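The structure presented is a predicted model; accordingly, all values stated were derived computationally and were not measured. Quick note: numbers below take in every heavy atom, side chains included, and nothing from hydrogens, waters or symmetry partners.
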Amino acid sequence: MTAPPGLQAEDRPDFERALHQALRTAEIREALRRNGATGDADVQRLRSRALVESEAIATAAAPEYAAYLRQRAAAAMSPSTAPVTHAPSAPSASSAVGVPFPTAGVRGLLPVLAVLAPALAGASAAAFLLLGGLLKLFHSQRESAKALLTAGLTSATIAAVTLAAGVACLLATAVRHRTSAPDQHPRAQRLPYAHPPHVRRRNDAAVATARDAWLRALLHRGILPFLRDRLKMSQKPSRMNQKSEKGST
């Protein structure tokens, strides 16, 4: 015959809450008043005695506690509580969870080029035009000045074209991100689970039912009888003292 399971450390807060509930019942409060124990110190003393005898008190609800432990262990071992792993079977699944494609690096370079190209072309155009204008002042350097001015105008044209293309590229990227961002999280949530969520709910409900049954048995068959016996034991000396006082008078 196996011994009843001892009260586990994680269940002691439940025991203390059940004890607190028992100490607040009208029956125990009335018994304390009959004994003349109306202060908080007397209630705390009774509570401390119950906590010391918690293992003995818990044995009164040993069957319900064993059933609760079995149900809790079964729920912990259930496959519904195991970590869910998603195996992407299509490229769309990997893109939904943020796995980059090989073209992601190329797309990331486009905004950088859209900013750098007009800036470099504009700086080159300004330098060529400035040097061409300075060399044009000298009659011997007019051919070089003409070439630099032509190069400057060409660079200015390139700067204007790349600037327009860059603005269009940035606008297209912003619109694409705006339309795709709200849909990323719902796609990730719609990925198939390995086990349906109602299995976990059913296991949790079974554990909660077993816990409630244990707490009821613990309260009515363990804690309340213990408190009654303690109060009766503390009542006997007081009655003997009252009788002796009456006899002496």
Side-chain angles (χ1 to χ4, degrees), residues 9-10 13 72-208:
E10 60 201 59
R72 191 167 65 186
M77 295 298 294
S78 175
S80 63
T81 59
V84 178
T85 57
H86 304 289
S89 58
S92 59
S94 61
S95 63
V97 296
V99 178
F101 288 104
T103 57
V106 178
R107 292 178 181 176
L109 289 176
L110 291 178
V112 178
L113 293 177
V115 175
L116 290 180
L120 294 177
S124 300
F128 288 148
L129 291 175
L130 180 61
L131 289 176
L134 291 176
L135 292 177
K136 193 176 181 180
L137 300 176
F138 303 96
H139 296 283
S140 60
Q141 300 294 333
R142 285 192 175 183
E143 294 295 332
S144 300
K146 187 181 294 185
L148 288 174
L149 291 174
T150 303
L153 293 176
T154 304
S155 299
T157 304
I158 294 174
V161 172
T162 53
L163 179 62
V167 171
C169 179
L170 291 176
L171 290 177
T173 303
V175 171
R176 183 167 59 250
H177 281 298
R178 182 180 300 176
T179 55
S180 61
D183 197 39
Q184 289 176 357
H185 296 291
R187 286 182 183 175
Q189 293 175 0
R190 287 197 294 268
L191 288 176
Y193 288 95
H195 301 279
H198 70 269
V199 176
R200 170 182 280 274
R201 288 197 297 268
R202 184 169 64 243
N203 290 339
D204 291 345
V207 173

(request) Any chance you could measure Leu153, atom CG, to Ile158, atom CD1, to the nearest 0.5 Å? (result) 11.0 Å

(request) Quick one: pull up CG in Leu120 and OG in Ser155 and give me the separation to the nearest 0.5 Å. (result) 10.5 Å

(message) Ignoring hydrogens, what is the shortest heavy-atom contact between Leu149 and Gly133? Give both atom names and the distance.
(response) CD2-N, 3.9 Å

(message) Checking Leu131 now: which residues fulfil side chain to side chain contact (heavy atoms under 4.5 Å, CB included) with it, not counting sequence neighbours?
(response) Leu148

(request) Calculate, to the nearest 0.5 Å, the distance between atoms CZ and CD belonging to Arg72 and Glu10 respectively. (result) 4.0 Å

(message) According to side chain to side chain contact (heavy atoms under 4.5 Å, CB included), who are the partners of Ala159, at least two apart in sequence or on a separate chain?
(response) Ala121

